[in-house]
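Written below as structure tokens is the structure these notes are about.
Counting starts at 1 for both ligands and their atoms, in listed order.
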Amino acid sequence: MTTIGDKLQQVRTRIEKACAACGRDAASVRLLAVSKTFPEAALREAHAAGQTAFGENYVQEGVAKIQAMADLRGQIEWHCIGPLQSNKTRVVAEHFDWVHSIDRLKIAQRLSEQRPAGMAPLQLCLQVNVDAGQNKSGVAPAEALALARQVAELPNVKLRGLMAIPEPAEGFEAQRELFLRATALFDEMKAAGLPLDVLSLGMSADLEAAVAAGSTMVRIGTAIFGGRTYL
Ligand SMILES: *Cc1c(COP(=O)(O)O)cnc(C)c1O
């Protein structure tokens with residue numbers, strides 16, 4: 001039987017090979033384990049195998065796990081990676097360490113206002129809609145720089161970079177080309193003076209193309225935990 005620990009190791013090896021193939025240091029790519037729909041026991045197994053950053057899409061589900069795993073709070077970084085509605089910002093600001101899906105100023109403003117005093121700034125990425133696909137989440141590339149400048153001014157959050165989820169593409173080159181649109185925007189923002197250091201790109205099916213395009217954080221669910229069942 002392949003354990004979660006084995007699968008984590010396989011993913012780490014994929015990241016190392018992908019980095020080697022394009023001359024990057026493997027330490028420049030972080031692994032975020034996307035644990036949506038999986039029970040606390042699976043996350044604990046991954047943690048015991050050395051995984052310390054977890055991504056959740058659904059706010060209630062994520063907060064339930066954060067609370068159930070409060071004994072590990074200082075050892076785990078929790079990332080909210082799903083679309084975020086205004087009425088959920090308070091609970092996210094109170095529990096998570098990161099949000100990858102900022103696509104409008106209002107959400108970032110609420111997170112900043114609602115971040116409890118005494119907690120570290122909430123780390124943010126803007127989600128950019130690089131291919132204007134059916135997946136309508138994300139800010140349009142043409143509006144991303146203006147949004148980034150506004151978010152960067154907010155007090156209790158820290159803008160770290162960009163996240164993108166391109167429509168599934170067939171083959172390495174097509175996948176890489178879509179990711180490179182996010183990389184180009186990231187480089188443009190840095191050239192404009194924003195101190196960004198995180199490009200959240202790549203999932204189980206396309207992490208190699210994402211690494212080749214410059215990803216610094218891959219978000220991997222299926223390849224670690226197996227297929228998801230939605231009830
Ligand atoms: C579910 C999800 C992932 C992980 O996808 P896999 O294909 O299972 O690796 C990554 N990012 C986001 C935003 C997701 O919703």
Side-chain angles (χ1 to χ4, degrees), residues 2 4-15 17-18 29-39 42-43 45-46 49 51-63 65 77-85 88 92 96-104 107 122-139 160-172 174-176 178-179 181-183 186 198-231:
T2 318
I4 286 174
D6 295 335
K7 285 186 280 188
L8 259 175
Q9 195 47 53
Q10 289 166 4
V11 170
R12 292 185 191 123
T13 303
R14 280 177 67 187
I15 294 171
K17 286 188 174 157
V29 180
R30 289 191 70 196
L31 172 56
L32 181 63
V34 176
S35 43
K36 63 185 179 219
T37 80
F38 289 96
L43 280 74
E45 204 178 324
Q51 181 62 30
T52 55
F54 291 88
E56 289 281 340
N57 285 61
Y58 311 106
V59 173
Q60 268 100 334
E61 180 192 344
V63 169
K65 289 178 199 173
E77 216 175 63
W78 294 97
H79 296 236
C80 175
I81 61 173
L84 188 49
Q85 254 92 53
K88 301 277 176 57
V92 168
F96 282 87
D97 302 299
W98 284 71
V99 178
H100 291 224
S101 44
I102 302 299
D103 62 359
R104 54 195 195 277
I107 298 289
L122 190 61
Q123 309 292 300
L124 303 183
C125 290
L126 301 188
Q127 182 174 350
V128 284
N129 188 356
V130 288
D131 54 0
Q134 283 99 356
N135 182 348
K136 289 189 218 68
S137 298
V139 60
R160 297 292 299 272
L162 301 179
M163 185 270 260
I165 316 173
E167 291 292 305
E170 199 62 45
F172 179 90
Q175 293 168 355
R176 194 176 74 104
L178 289 173
F179 287 131
R181 297 184 193 178
T183 309
F186 181 69
V198 173
L199 249 185
S200 167
L201 301 175
M203 311 199 294
S204 295
D206 54 19
L207 83 81
E208 285 81 5
V211 167
S215 173
T216 71
M217 195 182 297
V218 292
R219 308 179 311 272
I220 309 297
T222 311
I224 296 171
F225 296 107
R228 289 180 288 271
T229 314
Y230 290 95
L231 296 177

>> Check whether Arg228 reaches the backbone of Thr37 with its side chain - one donor and one acceptor, N or O, closer than 3.5 Å.
In response: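 No, the answer is negative, given that no donor and acceptor are paired below the 3.5 Å cut-off.
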
What protein heavy atom sits nearest [atom], and how far away is it?
atom: atom 9 (O) of ligand 1; answer: Ser204 OG, 2.5 Å
atom: atom 14 (C) of ligand 1; answer: Lys36 NZ, 2.9 Å
atom: atom 10 (C) of ligand 1; answer: Met203 SD, 3.2 Å

Using a 4.0 Å cut-off to any heavy atom of [X], which atoms of ligand 1 qualify?
X: Arg219; result: 4 (C), 9 (O), 10 (C), 11 (N), 12 (C), 13 (C)
X: Ile81; result: 11 (N), 12 (C), 13 (C), 14 (C)
X: Ile165; result: 13 (C)
X: Ile220; result: 9 (O)

>> Just to verify, which of Leu201, Leu126, Leu162 counts as forming a side chain to side chain contact (heavy atoms under 4.5 Å, CB included) with Phe186?
In response: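 When side chain to side chain contact (heavy atoms under 4.5 Å, CB included) is applied between Phe186 and each of Leu201, Leu126, Leu162, only Leu162 qualifies.
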
[X] side, atom [atom1]; [Y] side, atom [atom2] - distance, nearest 0.5 Å:
X: Arg219; Y: Ile224; atom1: CZ; atom2: CD1; result: 12.5 Å
X: Arg30; Y: Thr216; atom1: CZ; atom2: OG1; result: 9.0 Å
X: Ser204; Y: Arg14; atom1: OG; atom2: CZ; result: 6.5 Å

> Judging by distance only, is a nitrogen or oxygen of Gly221 under 3.5 angstrom from one on ligand 1?
Replying inline: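 The answer is yes, given that Gly221 and ligand 1 share an N or O pair closer than 3.5 Å.
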
> With backbone taken as N, CA, C and O and side chain as the heavy atoms from C-beta onward, which portion of Thr222 lies under 4.0 Å from ligand 1: side chain, backbone, both, or neither?
Replying inline: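 The answer is both, backbone and side chain.
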
> Would you call the rings of Phe225 and Phe54 parallel, tilted or perpendicular if under 30° counts as parallel and over 60° as perpendicular?
Replying inline: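 Ring orientation of Phe225 relative to Phe54: tilted.
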
> Arg228: heavy atom below 4.0 Å from ligand 1, yes or no?
Replying inline: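 Within the 4.0 Å threshold, so yes.
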
> Do we see a donor-acceptor contact under 3.5 Å between the side chains of Thr52 and Glu77?
Replying inline: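 Absent: no donor and acceptor within the cut-off.
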
